There are 2 protein chains.
Amino acid sequence: MHLLGGRWRLLIASYLIDGPKRFNELRRLIPGISQRMLSLDLRALEDARLVARTVFPTVPVKVEYALTEEGRRLGKVVAVVQEFGLWLKDRDAS
Amino acid sequence: MHLLGGRWRLLIASYLIDGPKRFNELRRLIPGISQRMLSLDLRALEDARLVARTVFPTVPVKVEYALTEEGRRLGKVVAVVQEFGLWLKDRDAS
DNA sequence: CAGCATCCACGAAGATACTG
DNA sequence: CAGTATCTTCGTGGATGCTG
C-alpha cells in the first residue's frame with residue numbers, strides 16, 4: 001500500500017500499460033498532476049524497478065518511461081482496481 | 001484510490017472477508033492501528049456501503065462489522081493487491 | 001467494550017519559479 | 001522537453017484522555 005497507495009502511481013502505471021510514454025505525454029494524459037508529483041512518482045516506480053527510464057540523447061532530449069517486465073505485474077492490479085472504481089462510480093451515480 | 005488508498009482500509013477489508021468481526025477483535029488482528037483510525041476507516045467503508053455495522057444491545061454493547069453484499073467486491077481487489085505485495089516483498093528479500 | 005474529542009506531527013501534494 | 005528547487009498547504013495518522 002505504501003508503494004501503490006499514492007494518488008497517482010497506479011494511474012500512471014495504467015497509462016504505461018499500453019506502451020511507453022514520454023514525460024510531457026503523461027502530463028497531458030493525467031489532468032491535474034503536477035510536474036513535481038509526476039517526477040517523484042515516476043522516480044519511485046523506477047526505484048522499485050517497475051518502470052524503466054530511457055533517455056534518447058537527441059536535441060531536445062527525449063525521455064521514455066515504460067513498464068519493465070516485472071512492472072507488467074501492475075497490469076492486473078490496475079485492472080482490478082479500475083474495475084472496482086468504475087463499478088463504484090456507476091453505483092453511486094444511480 | 002481515494003476510498004481504498006488509505007493505509008488500512010484494504011487491510012481491514014481483508015479481515016472481514018472471512019466473516020464478521022468486532023471492533024476490538026479487529027484492533028487485535030491489525031497490529032499498529034490506532035482506535036481512531038480503525039474507527040474512521042470503518043466509518044468510511046460503512047458510508048460507502050461496503051461494510052455493515054450491527055449493534056447488539058447487550059451489556060456491554062457488542063458491535064459487529066461485516067462486508068455487505070456489495071462489499072464482497074473488495075475480495076478480488078484485496079486478493080490481487082495482496083498477491084502483488086507478497087511478490088514484491090519476496091523479490092526484494094532475494 | 002466500543003467508541004468520540006482534542007491536539008499535534010509529519011509526509012504527501014500543490015504552486016511557482018527556474019534550468020540544461 | 002524534461003525536469004529540479006523551494007515554499008506552502010493540506011490531509012492522514014498518532015497520542016492521549018474521556019464516556020455510555
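FYI, side chains are in, hydrogens and waters are out, and symmetry mates aren't considered; it's all heavy atoms of this structure. Naming convention: chains lettered A, B, ... in sequence-line order (proteins, then strands); numbering from 1 in each chain. All figures in this text were calculated on a predicted structure; none of them were measured in a lab.
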Taking atom NZ of B/K76 as the centre, report whether more than 12 heavy atoms of other residues, nucleotides or ligands fall under 6.0 Å from it. no
Indicate, with a heavy-atom threshold strictly under 4.0 Å, whether A/Y65 touches base, sugar-phosphate, or nothing. sugar-phosphate
Between D/dA2 atom P and A/K62 atom NZ, what is the distance in whole Å? 9 Å
Can you name the residues that form a salt bridge (Lys or Arg N to Asp or Glu O under 4.0 Å) with B/E70, not counting sequence neighbours? A/R91
Readout for nucleotides 13-20 of chain D: B = base within 4.0 Å of protein heavy atom, S = sugar-phosphate only, - = neither; 5' to 3' it is BBB-B---
Atom-pair distance (CD on A/E46; P on D/dA2), nearest Å: 14 Å
Note down the inter-axis angle between the two ends of the helix from C/dC1-D/dG20 to C/dG20-D/dC1, five pairs each, to the nearest 10°. 50°
Taking ring pair (Phe, Tyr, Trp, His ring centres under 6.0 Å) as the cut-off, I'd like each qualifying pair that reaches into residues 67-94 of chain B, sequence neighbours left out, listed once. B/F84-B/W87
Residues passing the ring pair (Phe, Tyr, Trp, His ring centres under 6.0 Å) test with B/F23, sequence neighbours excluded, are none
Excluding sequence neighbours, so at least two apart, what forms salt bridge (Lys or Arg N to Asp or Glu O under 4.0 Å) with B/R27? none
When every non-hydrogen atom of B/L26 is compared with those of B/L38, the smallest separation belongs to CB-CD2, 4.0 Å
According to ring pair (Phe, Tyr, Trp, His ring centres under 6.0 Å), does anything in residues 28-67 of chain B pair up with another residue at least two apart or in another chain? List the pairs. none
Quick test of your reading: applying side chain to side chain donor-acceptor pair (under 3.5 Å), list the pairs with at least one residue in residues 2-11 of chain B, sequence neighbours left out, ordered by first then second residue. B/R9-B/D41
Which heavy-atom pair separates B/L74 from B/A13 by the least distance, and what is that distance? CD1-CB, 3.9 Å
Correct closest heavy-atom pair for A/M1 and B/G5 would be CE-O, 4.1 Å
5'-most to 3'-most nt of DNA chain C touching chain B (<4.0 Å, heavy-atom partner on protein side) reads C/dC1 to C/dT6
Using a strict heavy-atom distance below 4.0 Å, which residues from residues 15-30 of chain A are in contact with DNA chain D? A/R22, A/F23, A/N24
For A/D18, the salt bridge (Lys or Arg N to Asp or Glu O under 4.0 Å) test, sequence neighbours excluded, returns A/K21
Sequence neighbours excluded, which residues qualify as salt bridge (Lys or Arg N to Asp or Glu O under 4.0 Å) partners of B/R43? none
If I compare all heavy atoms of A/G75 with all of A/I17, which pair ends up nearest, and what's the gap? CA-CD1, 3.7 Å
